Each structure stands twice: as C-alpha cells, then as structure tokens.
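Just so it is clear, the structure is predicted and the values come from calculations on it, not from any experiment. Any value given below was found using the heavy atoms of this structure, including those in side chains, with hydrogens, waters and symmetry copies removed.
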2 protein chains.
Amino acid sequence: MATMDDIAARAGVSRGAVSLALRRSPKISAKTTEHIFKVATEMGYRPNLNASRLAAKDFSTFGLLVSDLHNPIMADILDGFVMTDDGDIPDTYLASGFNSAKTERAMIDSFLSHRVKGVVLLGSLLPDDEIRKLAQQLPTVAVGRSIDSVDCVLVDDVLGGRLAADHIKKPRHTHVAHIDGGDGAGAAPRKTAFLNVFESNDAVDLTVLKGDYTQEGGYRCARVLFSGPRPPSAIFAANDLTALGVLGAAREFGLIAGEHFDLVGFDDITLAAYDYISLTTISYSRADMGRIARELVQRRCSDVHAPFQTIELPPQLIVR
Amino acid sequence: MATMDDIAARAGVSRGAVSLALRRSPKISAKTTEHIFKVATEMGYRPNLNASRLAAKDFSTFGLLVSDLHNPIMADILDGFVMTDDGDIPDTYLASGFNSAKTERAMIDSFLSHRVKGVVLLGSLLPDDEIRKLAQQLPTVAVGRSIDSVDCVLVDDVLGGRLAADHIKKPRHTHVAHIDGGDGAGAAPRKTAFLNVFESNDAVDLTVLKGDYTQEGGYRCARVLFSGPRPPSAIFAANDLTALGVLGAAREFGLIAGEHFDLVGFDDITLAAYDYISLTTISYSRADMGRIARELVQRRCSDVHAPFQTIELPPQLIVR
C-alpha cells in the first residue's frame with residue numbers, strides 16, 4: 001500500500017504536507033489538499049482507521065458475536081441486522097464463539113481492545129451477570145434471551161414452549177421427551193414452559209435430556225431415548241437443528257416422525273419446510289430480530305442513559 | 001471502561017505515571033509498574049490495541065471474508081481455520097459478503113483500513129484480477145478457486161466435475177442437466193469438466209442452467225427443468241445447497257430422486273448423509289481446507305517473497 005513518502009514523492013510535496021493534507025489541516029491550502037488527496041487515491045492510499053479513529057474518537061464499528069456459525073438462524077439474523085432501509089451495510093466485525101464460552105470471552109476481549117462502539121451477542125453461552133457487566137462498559141444487545149439491565153431482543157420462549165406442549169398434549173401422548181438447549185440462549189424458558197403443561201398430569205411420563213442446540217446433540221440424545229425400554233411417543237426438540245439430529249437417529253431405529261412418534265422443533269429453519277423433512281416447529285421472524293437488534297444498539301449508542309428495552313417477538317406453531 | 005485518570009486516582013499516582021507504566025517504560029520502577037497494572041486490571045482496563053498496535057507496528061489480526069454465511073460449508077472451513085494444534089484461536093475479523101460482490105468490496109476496504117495483516121477469501125464472487133491486485137497489497141489467500149500469483153486452496157474441481165459425469169454416464173442417461181454455480185468459486189471448472197465428458201456424445205441431450213450455489217437458485221432452475229417438455233433424467237447440481245433446492249422442486253412435481261431422476265451434488269454437507277436426504281455427492285475435507293488456508297496466509301505473512309502455492313484437495317464420489 002502507498003505510504004505518505006510515496007504520495008509525497010508523486011505529488012511533489014513534503015511528507016509533512018501530505019500528513020497535514022490527509023488530516024485536512026487548515027495549515028495547507030484547499031487546492032494543495034485536493035491535489036494530494038487525488039494523488040493519494042490514485043495510488044491506492046486508504047486512511048488508517050486505527051489511527052484516524054484514535055485521533056477523531058469516532059468508533060463507528062459494531063462487534064457481532066455469533067455463538068455458533070453452524071446454526072442457520074444466525075445467518076438469517078445477520079441478514080436482518082445489515083438490511084438497512086438506505087442499503088448501507090453497518091461497519092461490523094463479526095466473530096464466532098465456536099460454541100464455547102471460553103472463546104466468546106476471548107472474542108469480547110478482542111472487541112473491547114479494538115474499541116468497538118457496541119456489541120451484539122447472538123445466542124451467547126455466557127451467564128447473565130457477565131453480559132450485564134459488559135453492558136455497563138459499552139452498548140450491548142443480547143439476541144435470543146432476556147437479561148435485566150441489558151437491551152434484549154428474543155422470541156417469546158415461554159409462549160413457544162407452551163405452544164409445543166399444547167400441540168403434543170392434544171393427541172394424549174403418555175411418554176413425552178424434551179431434548180433441551182443446554183446453556184444456550186432461551187433454552188431454560190422453553191423447557192420450563194413445556195414441562196409446566198405436563199407436570200400436573202401424572203398420566204404422562206416425562207423425560208428431559210440435555211442437548212446443546214446442535215444436530216450432533218439431538219442425534220446423541222435421540223439414540224438414548226430410542227434404545228431405552230420405553231421410547232417416547234412425542235419429542236420436543238429445543239431447536240430445529242436438534243430435531244434434525246432426532247430424525248437422523250430415528251431412521252437408524254426404523255422409526256418415522258409423524259408415524260411412530262411426534263416431533264416438534266423450534267426456529268422454522270428453511271429446511272424444516274421441505275417436504276422430505278416436513279418438521280412441525282415454532283416459527284418467528286429472524287429478519288425482524290436482526291433489524292431490532294441493530295435499532296437497539298444504535299439507540300443505546302446515541303443515548304447511554306435510555307431505559308433498557310426487552311423486545312419479545314411472538315412465535316407461532318407451524319404444523320407440518 | 002476505566003480511563004487512565006481513573007486508574008491514576010485509585011493507584012495514587014499521576015496520570016503520566018500510569019501512561020508510562022502501561023507502556024512498560026523503564027522510566028517507572030518495576031514495583032510501581034506492577035502496582036499500576038494490578039489496579040488497572042482490577043478496574044477492568046484493557047490495552048487499546050488500536051493504539052498499541054500503531055505504536056508497536058504489530059498487526060496480528062487476519063481478515064476472513066465469507067461470501068455467503070448461509071452455506072454450511074463456510075462454518076466447516078472456519079472451524080478448520082481456527083483449529084490450531086496449540087488451541088489458540090488466531091485473532092480474526094470475520095466479515096460476510098452477503099452473496100454480493102459489491103458488499104465484498106466494501107468489506108475488503110474495511111479490512112484494509114483496519115490494517116489487517118492478511119486476508120482470506122472464502123468463496124469470493126470477485127473477478128480474478130481484483131483478487132490478484134489485493135494479493136499485491138497484502139498477504140491474501142483465496143479459498144475455493146485457483147488464481148495465478150495468489151496463494152490458493154481448493155478442491156480439485158476438474159476431477160470433481162468428471163467424477164459426477166462418470167457416475168451419471170454409467171446408467172446411460174440421454175437427458176442430462178447441469179445447474180451451475182454462476183460466478184461462484186469453482187463453478188466454471190466444475191461445469192467444463194462435467195460437460196467435457198458428454199460433449200462428444202450426440203446421443204446425450206445436455207441442458208445447462210445458471211444457478212448461484214443457493215437453495216433458492218436450485219429450486220428455481222429445477223422448476224424450469226421439470227416443467228419443460230423433456231425433463232432431465234439426471235441432474236448435476238454445482239453444490240449440495242443447489243441439490244437441496246432441486247429436491248424441494250422435485251417433490252412439488254411428484255418426482256423422487258433416485259427413482260425418477262438421478263441427482264449428484266457437490267460438498268457433502270452434513271445433511272447430505274442423512275437417510276431422508278441421502279444425496280450422492282462429491283466429498284472432500286473442509287477442515288483441511290481451513291487449516292491449509294491458515295498455514296498459507298501465515299507463511300505469506302512471514303515471507304512475502306515466497307513462491308505462490310496452489311493446493312488442490314482430492315475429492316471423491318460418495319454414492320448414496
């Protein structure tokens with residue numbers, strides 16, 4: 001890349017003049033400044049944002065931390081985040097937590113060290129108090145969960161869990177299993193709301209296994225369920241990836257969802273609608289989720305003292 | 001976040017002493033430096049990398065540009081990129097091109113302005129000469145395609161296309177279609193190698209439609225094929241996402257892959273192996289691809305004059 005010395009030589013001015021011009025100093029005439037900028041641009045010079053941001057204290061970059069890039073809902077939420085009305089994509093650093101809280105911490109440290117102006121956490125594995133502490137340091141939005149004193153956008157997980165339970169309850173299943181989302185965002189309220197519907201009913205045998213929102217986790221848990229003495233006649237998987245894992249395991253046991261057992265997922269990923277998967281699931285708008293996350297973090301950046309907001313999107317049951 | 005003034009007040013020293021200590025200046029005693037660091041750490045102070053990197057000229061961050069986060073192979077390649085033997089995740093900025101060359105350009109500009117030390121392009125939509133120009137400015141690795149004078153890692157697309165054609169040729173299909181990958185990485189050699197196998201044979205009726213490596217693109221093209229006067233008896237989809245789109249369209253026409261027509265994909269995504277999708281496809285190691293990309297960019301950073309390397313991974317046909 002062209003240095004200030006290169007530009008000075010080409011423009012026929014001193015290095016000092018180039019430095020002043022590129023900072024738009026009034027010490028250099030407008031005409032010379034224009035000439036130097038023209039030469040600099042021709043030579044492929046780009047302003048060093050690290051330096052100019054430090055000088056101008058203009059930190060315009062957002063940090064977006066995605067807990068698991070393998071989950072297709074993340075790409076959908078990101079699409080919503082960047083889809084602005086004016087078509088300008090907000091300057092963002094993305095980082096992946098690679099499904100590990102430890103890696104998430106390292107990435108947040110990196111964001112802080114790079115002085116991002118705000119952080120958006122998509123499906124974080126970190127405990128509430130850690131995220132609350134982060135939100136005290138800089139504008140922070142949590143996507144997928146509700147945390148006191150933090151701006152949040154999430155699906156109404158309680159309603160989602162209840163919709164799944166009501167659907168399963170109707171045909172009066174007696175062996176019901178839930179593969180939960182472990183420490184993942186929204187996993188706890190989905191589980192609690194689901195179990196609440198059945199707990200007062202002694203006729204229903206409930207099994208809960210700990211999943212992790214991944215296909216592998218769903219596959220592993222479903223194998224345990226299907227090889228047990230009383231395989232469940234209905235399974236609520238905490239998300240669609242988990243449900244895909246259940247479908248994979250089911251086939252190995254010669255079981256077909258909808259025929260030998262009922263299955264409900266959560267998220268309505270694109271694949272869920274496909275005829276050959278045809279998954280009953282809890283649906284909501286991920287594009288809205290991303291858009292609202294952007295609006296919340298922008299609002300917090302412009303007013304750090306604004307009251308905290310938690311926005312819950314209403315989910316609906318899609319029967320397939 | 002704690003400022004130097006806050007730290008000075010708590011540590012009972014001057015702001016100047018804090019500044020010197022945090023830069024580990026010899027002008028401050030080791031004992032005082034240690035005291036100040038302890039207080040600073042307690043107060044949540046983090047070094048400003050923008051500033052310290054400028055001072056130290058240590059730009060240790062890689063920029064990773066992913067053309068389309070919706071393609072699940074991207075997350076697999078990223079996993080391979082960060083899986084180092086010592087478990088240390090390389091400091092990286094991720095950016096998504098959101099399947100648009102224009103957005104890719106904006107993200108590369110952002111990388112350059114942030115002075116990343118190297119760029120890795122995963123499945124870029126940019127033309128060769130633009131990537132070659134970028135590689136002249138800073139260490140650059142292209143993943144998924146082969147470009148002169150650029151370090152590259154890719155699957156052997158020519159062999160992959162030929163394997164797909166040989167598989168389709170055997171049962172002697174007479175109406176064969178290819179839904180290509182448009183301007184996407186590796187699309188051109190896959191297509192050429194596939195068509196080469198059939199072109200000398202007048203008995204085969206070949207149709208090529210322009211796809212874009214997305215599920216939607218595969219669905220759209222397959223609808224055109226299935227609603228035409230002579231639907232193909234075999235389809236080679238340029239990647240598995242495209243093939244998933246074909247499967248979706250097929251069901252709408254009452255057609256079943258493997259029964260009414262043969263289908264071959266490319267990538268062997270996790271879903272391809274599932275019994276209820278069971279897609280014949282071209283497979284290769286994405287984890288190796290990510291690891292080799294990291295090794296290539298690290299090597300280029302330590303020796304800008306090293307000869308350029310193109311590493312082709314051998315693919316294999318998986319019949320399902």
Is there side-chain contact between A/F98 and B/L78, with at least one heavy-atom pair below 4.5 Å?
yes
Spacing of B/T242 atom OG1 and B/E216 atom CD [to the nearest 0.5 Å]
9.5 Å
Please flag which part of A/V66 lies under 4.5 Å from any non-hydrogen atom of chain B: side chain, backbone, both or neither.
neither
Region of A/M107 that comes under 4.5 Å of a non-hydrogen atom in chain B
side chain
Residue B/D68 versus chain A: region with a heavy atom under 4.5 Å
neither
Is chain B contacted by the side chain of A/A95, its backbone, both, or neither, given a heavy-atom distance below 4.5 Å?
backbone
A/L244 versus chain B, the contacting section by heavy-atom distance below 4.5 Å
both
Run the salt-bridge test on B/D268 and B/R320 with the 4.0 Å N-O cut-off and return the result as yes or no.
yes
State the OG-CG distance between B/S67 and B/L125, to the nearest 0.5 angstrom.
5.5 Å
Ranked by heavy-atom pairs below 4.5 Å to chain A, first place among B/T103, B/L247, B/L69, B/L64 goes to B/L247
Carboxylate-amine/guanidinium proximity below 4.0 Å for B/D129 and B/R132
no
